[in-house]
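To find a chain, count down the sequence lines: A is the first, B the second, and so on, and within it residues start at 1.
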Amino acid sequence: MEYDFKSIESKWQEYWASHKTFKVKEDASKPKYYVLDMFPYPSGAGLHVGHPLGYIASDIYSRYKRLKGFNVLHPMGYDAFGLPAEQYAIQTGQHPEVTTTTNINRYRQQLDRIGFSYDWEREVRTCDPEFYKWTQWAFLKMFDSWYDPAQDKARPISELIARFETEGYEDITPAAWKAASEKEKSDILMRYRIAYQGETSVNWCEGLGTVLANDEVKDGLSVRGGFPVEQKKMTQWQLRVSAYAGRLLDSLEKLDWTDSLKEMQRNWIGRSEGTEMVFNTICGDREMPVTIFTTRVDTIYGVTFMVLAPESDLVGQLTTPEQKEEVENYLKYVKTKTERERIAETKTVTGVFSGSYGINPVTGEKVPVWISEYVLAGYGTGAIMAVPAHDSRDYAFARKFGLPIVPIIEGCDVSEESFDAKEGKMCNSGFLNGLDVKQAIETAKDYVEAHGLGRRKTNYRLRDAIFSRQRYWGEPFPIYYKDGIPYPVDEKDLPLTLPEIDSYKPTGEAPLARAKDWTYKGYPLETSTMPGFAGSSAYYLRYMDNHNGEALVSRDADEYWRDVDLYIGGTEHATGHLIYSRFWNKFLFDLGYICEDEPFRKLINQGMIQGRSNFVYRIVGTNKFVSCGLKKDYDTTEIHVDINIVRNDKLDLEAFKAWRPEFADAEFILENGEYVCGWAVEKMSKSMFNVVNPDVICDTYGADTLRLYEMFLGPLEQSKPWDTKGIDGVNRFLKKFWRLFWDREEWIVTDEKASAEELKVLHKLIGKEQADIENFSYNTTISAFMIAVNDLTAAGCSKREILEPLVVLLSPFAPHIAEELWHRLGHEDTVTYARFPEFNAAFAAEDNVTYPVQFNGRMRFTIDMPKSAAPADVEAAVRAHEQTPKYVEGKTIVKVIVVPGRIINIVLK
RNA sequence: GCCCGAGUGGCGGAAUGGUAGACGCGAUGGACUCAAAAUCCAUUGUCCCUUAAAGACGUGCCGGUUCGAUCCCGGCCUCGGGCACCA
């Protein structure tokens, strides 16, 4: 029988679906293993071959773990709320839900063809009310909680209220609390809630009509849509992620993630240890204290001015009447700049003098207070002490405005640039003179604390997450307003479902404001919706128990599945989803809803698959096309050509003429009778005609070939271009594998006993596969498989004793063909739950080892020795070897180095 | 500017201190065939050379450690990714 992948693949896909082969439930008798993919946003373009890369890798691992006896949870779902569906709705008037459902169905079809072992009964969709009920529920819990720094965890807000009432907390005394109005109490609590409403500087995107989180903005443009983004002060719902900054940083240590990903998170969280210090300022005849933050207190003697952020509240208070006009002009100027302009112009230095002066708390010196956009309101205290000699930004500012530059490190040259390094000896610095910089930092910190001038402070760059979006296609907030005070919707009334609206067009107000009867108990509901990351922050918990109507996840299910053992996804979520999820998880952990404080134990970033575009070269002014190798002789224009009419970089001339009317009468200048196209690696995109659809590969080669090929392409974590060049190789391998069982129409598997040689081939492969799969080195496993199959083909081995284990070994990679052969071998059950063959090192061992013998590192000859031979015996054999003397010739053997089983090296003198 | 990662044949890549180039693609030659496809066999890093043997060179560049370095250390170059006025 021929290897007919089409009938085999559809047959087993149907079998798996109808037998619910991959359905799992908690089973205390088996160890659990949770393998998770980052669920996709179902876009209208469908899947291209890059998407399944990670899914295939995780599916192979899941299938491998099942063979190893684990109870594997391997679910899939859709991150279905989001901007593209809504933008499409704006253009066409079609409800985003319709678009989303259509796209999901298409995705599901494509996924099903690849033979994934998902338990589809656990599917989740973030836009499903039964799902977003729990997103809303978590928000209510966050609204109803505060972060207690003493316990370093989130606690119910009722505990804080109890403290206000009895002993008071921070600046709120029991008397003040009692005297406060309902509105005032709400405002006070907002300062503590984990989910809170507050005014902050936000990324406002006019093009999308909504605010965006920091990770949704790149280079001053929105990640979705690429519209410009500006800074604006607005009142928004926020999540107090910053309260978790320390814990998010510290527990990175125990995670099995790549160093680069951990590093990215560390940078994003941005811990910096410094000092908060108070400078008294004089504004005309008024005095007021200003707190600054610095990591370099040691440079206090080099302070020559101070700078405030333009958005800082201090600006109004520290501007003298004489400077008022100038300052206001500057603030106006800053406001008109978009974020993008700000980034583009980081080199231009701007600023204005406030008219005030600050008093250096250590030296008593009087320094001017300036205002400049290079100081950020959102970090530290929004005010700094400037030390131009030792900070490049202060230096540039001082140069521009002619402010003094005072070096305080011995021998440094600040005539051209500042000296930022933390090294050298202090000078011009009173009590710090003569100290090394590192010592001076500590000494100065102690000094400041001892003299009551300030205190040590750790700051984080990580900001609170802005949680509201002025959009339609997202989770509604379970919040309503009474007398301007926000109140939570009753938990029993969840889900609060998204209302219908008649038009999705942006009008400047939030779309939900146009919904009819958008009220709760007669009061208006919040009209913002939640951002994309809301639904994706706890979806992995929901998979554990997705039909539960009573809880996000039941205690039993959570205690069984606990956390994700292996998470595979792209690195683009490093600072978004992976921070929010960890935060969300820690919050639920604090309140005791779940039992693990980190969600993803091991994480692998699969590389991107880029497109490989092809080009033709048209001679300028003609309709003549010249082959790539000859193009240097002509003046040509490079034109993208559809990769579907190119094979191995050779253009199909007839197909090209038919491709576009303007090419119908094209002429060609060939080399060696063929038209060779140029190529380049680019992002996979429609406009470059380089998109490869997995369905096409499934049609021509089959899903098993696609799976093998994507893994054979190279290391999982590496980005690589898609190139079908090598796909015939893995396809050939599958055909060869098939032919071990079939000779044309005849089934040739025998029950003959396997030889030692054949057992060795099998056990070497088992050992290799076991080791490589654990390291996700799938490409080398496949290589080992090819070698084994070649060896067996050459030996004419079709023995059940060898082939049956081989089928099991292949099943994670190419499940369809494995299932078919498993069935043909007479098994009633599925290969999915077969046992991974036991590795026997004795079979795999080499009897004799061939040692290469080197003199001073150069290979000279080889000798065969039993593997068990002691190094001394090997050495004796080498010295006795007939070839040795001729190489030694007048030199003496200094020593013989024997690396057991590997190599022998003779050192000569 | 700062922080990570990577540089190996015509191509994708293998080997993390021990015979560099596994495995696959492509290419060349051959077998089978009327022919094609499919399949199988052989060769395939570079140089010297009619060929073989033998040799020399060879993992971005320069240096170091080692009997021995693609691998470890120091410096540089190139490419990719992340962050970017974070005081």
Distances for protein N or O near nucleotides 38-45 of chain B N or O, under 3.5 Å:
| from | atom 1 | to | atom 2 | distance (Å) |
| --- | --- | --- | --- | --- |
| B/rU39 | O3' | A/Arg739 | NH2 | 3.3 |

Close N or O pairs between protein and nucleotides 2-12 of chain B (under 3.5 Å):
| from | atom 1 | to | atom 2 | distance (Å) |
| --- | --- | --- | --- | --- |
| B/rG12 | O2' | A/Leu713 | O | 2.6 |

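Between A/Ser272 and B/rA87 there is a side-chain N or O to OP1 or OP2 distance below 4.0 Å. Contact annotation: A/Tyr379 side-chain N/O to B/rA87 OP1/OP2 distance is under 4.0 Å. Checking the phosphate oxygens (OP1, OP2) of B/rG24, no side-chain nitrogen or oxygen of A/Asn779 falls inside 4.0 Å.
A side-chain donor-acceptor contact under 3.5 Å links A/Tyr374 and A/Asp394. A/Thr350 and A/Glu373 share a donor-acceptor pair across their side chains, judged by distance under 3.5 Å alone. For the residue pair A/Asp391/A/Ser418, the side-chain donor-acceptor check at 3.5 Å is not satisfied.
Within residues 455-463 of chain A, the residues approaching RNA chain B are A/Arg461, A/Arg463, by heavy-atom distance under 4.0 Å.
Stems are defined here as 3 or more consecutive Watson-Crick or G-U wobble pairs with pairing distances under 3.5 Å; those involving RNA chain B are B:1-7 with B:77-83, B:10-12 with B:23-25, B:26-31 with B:39-44, B:45-47 with B:55-57, B:60-64 with B:72-76.
With rounding to the nearest 0.5 Å, the separation of CE in A/Met786 from CG in A/Asp791 is 13.5 Å.
Spacing between atom CD1 of A/Ile782 and atom C1' of B/rA14 amounts to 14 Å, rounded to whole angstrom units. One atom, CZ of A/Phe785, and another, P of B/rA22, lie 21 Å apart when rounded to the nearest Å. For the pair A/Asn605 CG and B/rG82 C1', the computed distance is 12 Å after rounding to whole Å. Distance CH2 (A/Trp370) to C1' (B/rC85): 18 Å, rounded to an integer number of Å. Put simply, CG on A/Leu734 is 13 Å from P on B/rG24, counting in whole angstrom units. The CD-P distance, from A/Glu572 to B/rC83, rounds to 12 Å in whole Å. In this structure, the CD1 atom of A/Ile727 is 16 Å from the C1' atom of B/rG26, given to the nearest Å. Going from atom CD1 of A/Ile269 over to atom P of B/rA84 covers 14 Å, rounded to whole Å.
Taking A/Phe5 as the reference, nothing meets the ring pair (Phe, Tyr, Trp, His ring centres under 6.0 Å) condition, with sequence neighbours excluded.
With hydrogens and angles disregarded, no donor-acceptor distance shorter than 3.5 Å links the side chain of A/Asp772 to the backbone of A/Tyr778.
In this structure, A/Trp722 has its ring center under 6.0 Å from that of A/Tyr709.
Comparing B/rG29 with B/rA36, their P atoms are spaced 14 Å from each other, to the whole Å. Taking atom P on both B/rA56 and B/rG1, the two are 45 Å apart, rounded to the nearest angstrom. Spacing between B/rG26 and B/rG80 at atom C1', rounded to whole Å, works out to 26 Å. Rounded to whole Å, the separation between the C1' atoms of B/rU46 and B/rG21 comes to 13 Å.
Base orientation of B/rG82: anti, since the glycosidic angle falls outside 90° of 0.
As judged by a 4.0 angstrom heavy-atom cut-off over every strand, A/Ile787 is placed among residues touching the sugar-phosphate backbone only.
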Which atom pairs, one a donor and one an acceptor, fall under 3.5 Å between side chains of residues 299-308 of chain A and the rest of the protein, sequence neighbours left out?
| from | atom 1 | to | atom 2 | distance (Å) |
| --- | --- | --- | --- | --- |
| A/Thr299 | OG1 | A/Arg296 | O | 2.7 |
| A/Thr304 | OG1 | A/Pro404 | O | 2.9 |

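Side chain of A/Glu373, nearest nucleotide from B/rA22, B/rC85, B/rA87: B/rC85.
Residue A/Lys764 places its NZ atom among 12 or fewer non-hydrogen atoms of other residues, nucleotides or ligands, all under 6.0 Å distant.
A cation-pi arrangement is absent between A/Arg266 and A/Trp257 under the rule of less than 6.0 angstrom and at most 45 degrees off the ring axis.
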